[in-house]
Amino acid sequence: MDYSYRTFPYHKLALYPTVRKHHTSYYNVACAFDIETTSIYCPYLADCPHMHNGTCGKEKCPQWITPYAYMYHWQFCADDMVCMGRTWEEFTIFYTQLHKVLHLGEGKKLAVYVHNLGFEFQFLRSVVPLTEVFARKERQPIRATSNGIEWRCSYYLSNMSLKKFCENTPGVDHKKLGDFDYTKIRTAATPLTTEEQDYCRNDVVGLCECVKHLLEEDTIASIPMTSTGYVRRECRQAVLSNPKNKKIFLQNQLTLEQYKACGYARRGGDTHANALYSGQVLTDMIGKDIASSYPARAMLEKFPQRFVKANTRRLREWIKSGYAVLFRVMLSDVEKREPYGTPYLAISNTQNIKGVQADNGRVLSCDYIDMWVTDVDWKIIEYQYRYKKMLCVSCYIAKYDYLPEELRQVIMKYFRAKTELKGIKEKKYEYMKSKNKLNAIYGMMLTDIIGEQITYDVQWHMTKDMTESAQEEQLNKYYKNRNSFLSYQHGVWIPAYARKELHRGLSICESSYNDTDSVKTWGKYEAAFEKLNAEIMTEIDSAPLPPVIECNGKTYAMGIWEPDGEYDKFITWGAKKYAYIKKGESVVHTTVAGLSKKEGSELVTQIGIENFKPGLVFYPSGRLNAFYNDEVEPKKIIVDGCEMTAGSCIAMVPGTYTLGITEEYKELIGYDANL
């Protein structure tokens, strides 16, 4: 039912039951809020040749307009009651009435979900007082409060776009509607078509329906703030059900020095293009990827327990004896044994490096390097590189042991659910839920204990350099918290093990491109992968809790190499920068960081995959550049004769994407644009 701020049944909303969390009561009802905005920017943008070829002069151009934006329509939904308005003045009356009738304040709150709260937050900060802001990144609030209304980000809750969240949630009748022309200039006086009104309505009604589904198992007070929160809660309950695990967790406590060392050694997935094949259109290729790579490592590998300081001169002895080793090493005259493939050493993971010859951020050779590494990484480094001198300046060792059995049981539960539900259309939500939970376990384990301090008091503040005493306090607070149960060092070792397995695959084939748990190679290596899988299955079978299940007469195992597509043509220019044609198709697919897959595919299909090369400009690119205006004080603006209140805002301006590589990389691969 639709209402205005005048007719909305505030008293009906006040009749909903409340639930408590700590010292606060929450109305146990699904609520959602959303705004529609117009961005004003250069009117010649769509037809400007300078924009299309990536040479827009911005402020230097006489036609340039400093981008700004304003709200022209807002919508609020509580359960199935929808209130819509056109101005901030109307919203302020609605907001005030909510507080008055619902008696909102510090002890009683109304939780309101906003999909991508960071966007609406930038507009709301000129309209309502925002306090108790919780954010892990600047301008990306997860939660904020304004006089008893607790704004929550449903993107962080779902880790999906609103469209996907609605599609993947059972019982959602009001899914996100089709394309909405955001380039059209609308004001608070612009009449909206029925289709436009339906679009606005569905955004909040659909989100409310998603939240109502979650309320079938939770209350509004117990719903986690993020998607990882569900996994963390279930894993915590399982692990802490065994008192022994908490005791081991406390024994494994890191000192501040050890925590920092883990941070220096921490590294993500290994994504790289083989310089030998970069820029070439390759034919008849196949993809291979590791099934559930990170969960597989959590199930199969052993992890460091309590670290102790160790004699640096005995480093090789510690590694050979099977200890987990975290150490700082300095090497001189370093050189990769083979010039091509995927160089393992990443410049970004070094403390200091001199005289380096690089391959897109990786070390081919250098005069000197200083870095923290794990014993897992070191074995790959020793296999790949030769060096003249080595000095270990700091070393910690720990015994290896498996993750708690209770945690591994939860991982298997998610894996079984994902496998059994895969391909069943009616169970799409349950499948996605299990898949997301399985994938979230790694992220949960590597959440920073000591992070950047993000605060908000009308303006954003980010504090990176905390005092050592403040860092010690945060670290101790984590270990003293009765809910803490995960050891940070385990999260550092999981991707290290995953990189080891990736390089195990790279060692048996010639690959043009690899990404975390996958490679692009040729069919002639099928037999080699079958042999490797046989070895891996032997390792799986000997594990205390083998990550393998029987489902529908088939055997599914984590950690084995599986088919991942066949390609008639494939070309790459570096990490997250490639295009391909699937076998038997004519459409070119693109994967480029910062470029819309749809826009990229359309242009490269039109011009041919051979023309996917540096200098290619994509417009439209699907890329939106954000221009922030932080003027908190509201003011009156006039657009198309309509006077409106505006203030702090984000203007979203369509941008180009230019495919590019560095001059250093051009020289390495011998690329000449004129040839």
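Other residues, nucleotides and ligands place no more than 12 heavy atoms under 6.0 Å from the NE2 atom of H23. Atom NZ of K435 has 12 or fewer neighbouring heavy atoms from other residues, nucleotides or ligands inside a 6.0 Å radius. Counting heavy atoms of neighbouring residues, nucleotides and ligands inside a 6.0 Å radius, atom CG of N552 does not exceed 12 of them. Annotation for Q63: atom CD counts as buried by contact number, over 12 foreign heavy atoms lying within 6.0 Å. Counted within 6.0 Å of CZ on R6, heavy atoms from surrounding residues, nucleotides or ligands total 12 or fewer; the atom is thus considered open.
Ring centers of Y72 and Y70: at least 6.0 Å apart, outside the cut-off.
With respect to F121, the ring-ring contact (aromatic ring centres under 6.0 Å, His included) criterion is satisfied by exactly one of Y628, W460, W151: W460. When each of Y5, Y3, Y10 is tested with F94 by the rule ring-ring contact (aromatic ring centres under 6.0 Å, His included), just one qualifies, namely Y10. The residue from Y580, F612, Y578 that alone fulfils the ring-ring contact (aromatic ring centres under 6.0 Å, His included) condition with H589 is Y580.
Atom CZ of F134 and atom CD1 of I454 lie 10.5 Å apart (nearest 0.5 Å). The line from CG of L102 to OH of Y27 is 4.0 Å long, rounded to the nearest 0.5 Å.
Defined by atom type and a distance below 3.5 Å, a donor-acceptor pair is missing between the side-chain atoms of T645 and K635. Judged purely by distance below 3.5 Å, without hydrogens or angles, the side chains of S648 and Q122 pair a donor atom with an acceptor atom. For the residue pair Y456 and R125, a side-chain donor N or O sits within less than 3.5 Å of a side-chain acceptor on the partner.
Contact check on E234 versus K437 returns a salt bridge, with a Lys/Arg side-chain nitrogen under 4.0 Å from an Asp/Glu carboxylate oxygen.
Of the possible polar contacts, none joining the T24 side chain to the G107 backbone as a donor-acceptor pair under 3.5 Å is found. Listed for the T169 side chain is no donor-acceptor partner under 3.5 Å among the backbone atoms of C166. With hydrogens and angles disregarded, no donor-acceptor distance shorter than 3.5 Å links the side chain of E120 to the backbone of L117.
Aromatic ring pairs are classed by plane angle as parallel below 30°, tilted from 30° to 60° and perpendicular above 60°; the pair F91 and F33 is tilted.
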